[in-house]
Number of protein chains: 2
Amino acid sequence: MTMEDGTSMSPGYCRDTDYDALQWDTREDCEVRQILDRIADKWSLLVIALLDQRSLRFTELRRTIDGVSQRMLTRTLRQLERDGLVSRTVYPAVPPRVDYALTPMGVTLHHTIRALVTWTEEHQNEIAHARAAYDIRAVAEQEGAEREAAERDAIAREVLAGGSRTR
Amino acid sequence: MTMEDGTSMSPGYCRDTDYDALQWDTREDCEVRQILDRIADKWSLLVIALLDQRSLRFTELRRTIDGVSQRMLTRTLRQLERDGLVSRTVYPAVPPRVDYALTPMGVTLHHTIRALVTWTEEHQNEIAHARAAYDIRAVAEQEGAEREAAERDAIAREVLAGGSRTR
DNA sequence: CAGTATCCCCATAGATACTG
DNA sequence: CAGTATCTATGGGGATACTG
């Protein structure tokens with residue numbers, strides 16, 4: 001058991017000392033943080049989405065996801081299994097066969113995540129607009145600052161030239 | 001404009017060529033990925049949660065969040081502002097005063113996120129159980145493997161000893 | 001087939017110092 | 001007060017090779 005990942009085994013709860021409803025996310029050993037890190041990592045969400053349709057074998061997942069390395073797929077599946085979101089079934093046979101499926105809890109998580117996906121779909125245009133507007137503003141400010149700097153330079157030069165002339 | 005972050009400005013949509021409902025998450029330039037990365041990063045969620053109550057100044061956020069560096073808070077706020085989730089208001093005064101607040105879109109995102117938080121709260125015990133069970137199984141398998149290895153060793157030694165005796 | 005075991009890179013977080 | 005600039009360092013994740 002290499003225990004390569006960091007999720008500590010001992011406490012696992014938000015520090016309840018000084019608990020503040022606003023601080024449920026205060027990093028390290030907070031449950032919300034951990035789940036968020038899991039679903040936001042590069043592959044977990046994909047795996048969950050795929051397994052929602054039907055159970056799949058290791059290689060089926062590997063082929064379907066494309067881009068994932070064996071190492072990462074294994075790690076992802078182990079994490080999900082450890083959290084009770086995915087079940088792993090080994091069929092003793094040659095060649096070996098291992099099926100992965102969503103647990104009931106995994107299914108409920110997927111439902112919840114769908115809400116977020118829906119939100120994103122509904123707001124992607126608004127977000128794109130906001131970004132475009134922001135970038136335009138940023139460019140404008142940039143240019144404004146440069147123009148002001150140039151003006152200050154010009155004035156400074158003029159003053160210096162005038163100073164040497166009046167001397 | 002340093003453009004330090006990586007979100008590309010050009011396409012911004014999931015590759016629609018060969019679009020597959022299961023592949024909405026296929027990394028890079030996918031909207032879902034980007035939003036997920038945003039809300040899952042270390043500070044954004046905290047900021048959104050705090051601003052949902054009322055608008056706050058830079059230093060108020062900095063003090064309240066504790067652990068966040070100036071650099072990270074600035075970056076987080078800039079990202080959220082660029083995505084149109086947070087608004088930034090500068091009051092020209094000495095000393096300078098800058099207020100941050102959730103935009104209407106930011107509020108809706110916060111609602112959606114709450115669902116995820118609620119899910120986590122409802123399932124944290126189940127997750128903790130699953131982890132404990134998994135870890136126990138892992139230790140058991142570990143020990144089992146070691147015992148088998150020891151047995152194989154013993155048998156191998158016995159065979160060797162017998163072989164030399166019968167010779 | 002379904003994994004471990006290793007090595008390595010580089011994208012980010014954090015610390016520190018400076019500024020309008 | 002509200003930032004920017006610069007440097008360093010940690011670890012997530014990829015490539016590769018090997019195994020029951």
Side-chain angles (χ1 to χ4, degrees), chain A residues 1-7 27-28 33-34 36-47 55-79 81 86 88-100 138 141-142 144-145 148-149 152, chain B residues 1-8 27-28 33-34 37-38 40-44 46-47 55-79 81 86 88-100 138 141-142 144-145 148-149 152:
Chain A
M1 197 171 73
T2 15
M3 264 293 124
E4 198 191 323
D5 68 312
T7 44
R27 59 227 50 81
E28 45 228 80
R33 246 286 60 84
Q34 290 182 31
L36 219 51
D37 287 345
R38 189 102 318 137
I39 68 156
D41 75 19
K42 222 175 169 187
W43 310 109
S44 296
L45 196 46
L46 243 328
V47 170
S55 74
L56 292 170
R57 304 178 55 171
F58 186 85
T59 312
E60 289 179 310
L61 283 167
R62 184 153 161 53
R63 268 202 310 272
T64 313
I65 294 185
D66 121 312
V68 71
S69 64
Q70 273 182 334
R71 180 183 185 273
M72 277 301 105
L73 184 53
T74 305
R75 276 180 57 82
T76 303
L77 289 167
R78 288 292 172 283
Q79 313 247 62
E81 190 195 354
V86 157
R88 177 172 178 270
T89 317
V90 183
Y91 297 97
V94 181
R97 175 197 177 95
V98 179
D99 273 25
Y100 292 93
E141 279 172 29
Q142 169 92 339
E148 279 180 34
R152 271 199 308 277
Chain B
M1 197 169 73
T2 15
M3 264 293 123
E4 197 190 326
D5 65 313
T7 44
S8 66
R27 56 226 48 82
E28 43 229 79
R33 245 286 61 86
Q34 289 182 33
D37 286 345
R38 190 102 317 137
D41 77 18
K42 222 173 168 187
W43 310 109
S44 295
L46 243 327
V47 170
S55 75
L56 293 169
R57 305 179 54 171
F58 185 86
T59 312
E60 289 178 311
L61 284 167
R62 182 153 164 55
R63 267 201 311 271
T64 313
I65 294 185
D66 120 311
V68 71
S69 63
Q70 272 181 336
R71 179 181 186 274
M72 279 300 106
L73 183 53
T74 305
R75 279 181 56 82
T76 302
L77 289 167
R78 287 295 173 280
Q79 314 248 60
E81 189 195 355
V86 157
R88 176 171 178 271
T89 317
V90 183
Y91 297 98
V94 181
R97 175 197 178 95
V98 180
D99 272 24
Y100 291 94
E141 280 171 29
Q142 169 91 340
E148 279 180 33
R152 272 200 307 278

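A note on names: the letters A, B, ... follow the listed sequences, proteins ahead of strands, and every chain is numbered from 1.
Residue B/F58 comes nearest to B/Q70 through the heavy atom pair CZ-O, 4.0 Å, listed as atom of the first residue, atom of the second, then distance.
In this structure, B/R75 atom CZ and D/dT6 atom P are separated by 15 Å, rounded to whole Å. Following rounding to the nearest Å, A/M72 (CE) and D/dG11 (P) show an atom-to-atom distance of 14 Å. Atom CZ in B/R33 sits roughly 13 Å away from atom C1' in D/dG12 (whole-Å rounding). As rounded to whole Å, 19 Å separates atom P of C/dA11 from atom CG of A/D41. At whole-Å resolution of the value, CZ in B/R62 and C1' in C/dA15 are 11 Å apart.
Although no hydrogens or angles enter the test, the distance criterion places a donor-acceptor pair under 3.5 Å between the side chain of A/E60 and the main chain of A/R57. No donor-acceptor pair closer than 3.5 Å links the side chain of B/T76 to the backbone N or O of B/S44.
Going from atom OG1 of B/T89 over to atom CG of B/D99 covers 6.0 Å, rounded to the nearest 0.5 Å. Between atom CG of residue A/D37 and atom NZ of residue B/K42 there is a gap of 9.5 Å, rounded to the nearest 0.5 Å. A distance of 10.0 Å separates CD1 in B/I65 from CZ in B/R62, rounded to the nearest 0.5 Å.
Donor-acceptor pairing under 3.5 Å, judged by distance alone, is present between the side chain of B/R71 and the base of D/dT6.
Residue A/W43 places at least one side-chain N or O closer than 4.0 Å to OP1 or OP2 of D/dG14. For B/K42 and C/dT12, the shortest distance from a side-chain N or O to OP1 or OP2 is not below 4.0 Å.
A heavy-atom distance below 4.5 Å is not found between the side chains of A/L61 and A/L46. With contacts defined as side-chain heavy-atom distances shorter than 4.5 Å, the pair A/R78/A/R75 does not qualify. Contact annotation: the side chain of B/L77 never approaches that of B/W43 to less than 4.5 Å [non-hydrogen atoms, C-beta and beyond].
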Interface polar pairs with nucleotides 1-3 of chain C, N/O, under 3.5 angstrom:
from  : atom 1 : to     : atom 2 : distance (Å)
C/dC1 : O3'    : A/R57  : NH2    : 3.1
C/dC1 : O3'    : A/P96  : O      : 3.2
C/dA2 : OP1    : A/R57  : NE     : 3.0
C/dA2 : OP1    : A/R57  : NH2    : 3.1
C/dA2 : OP1    : A/V98  : N      : 3.3
C/dA2 : OP2    : A/T59  : N      : 3.0
C/dA2 : OP2    : A/T59  : OG1    : 2.3
C/dG3 : OP1    : A/R78  : NH2    : 2.9
C/dG3 : OP1    : A/R88  : NE     : 3.3
C/dG3 : OP1    : A/R88  : NH2    : 2.6
C/dG3 : OP2    : A/Y100 : OH     : 2.6
C/dG3 : N7     : A/Q70  : OE1    : 3.3
C/dG3 : N7     : A/Q70  : NE2    : 3.1
C/dG3 : O6     : A/Q70  : OE1    : 3.1

Notebook entry, point to check: If you write DNA chain C from 5' to 3' in dot-bracket form, with Watson-Crick or G-U pairs under 3.5 Å, [ ] for crossing pairs and | for pairs with another strand, what do you get?
Noted result: ||||||||||||||||||||
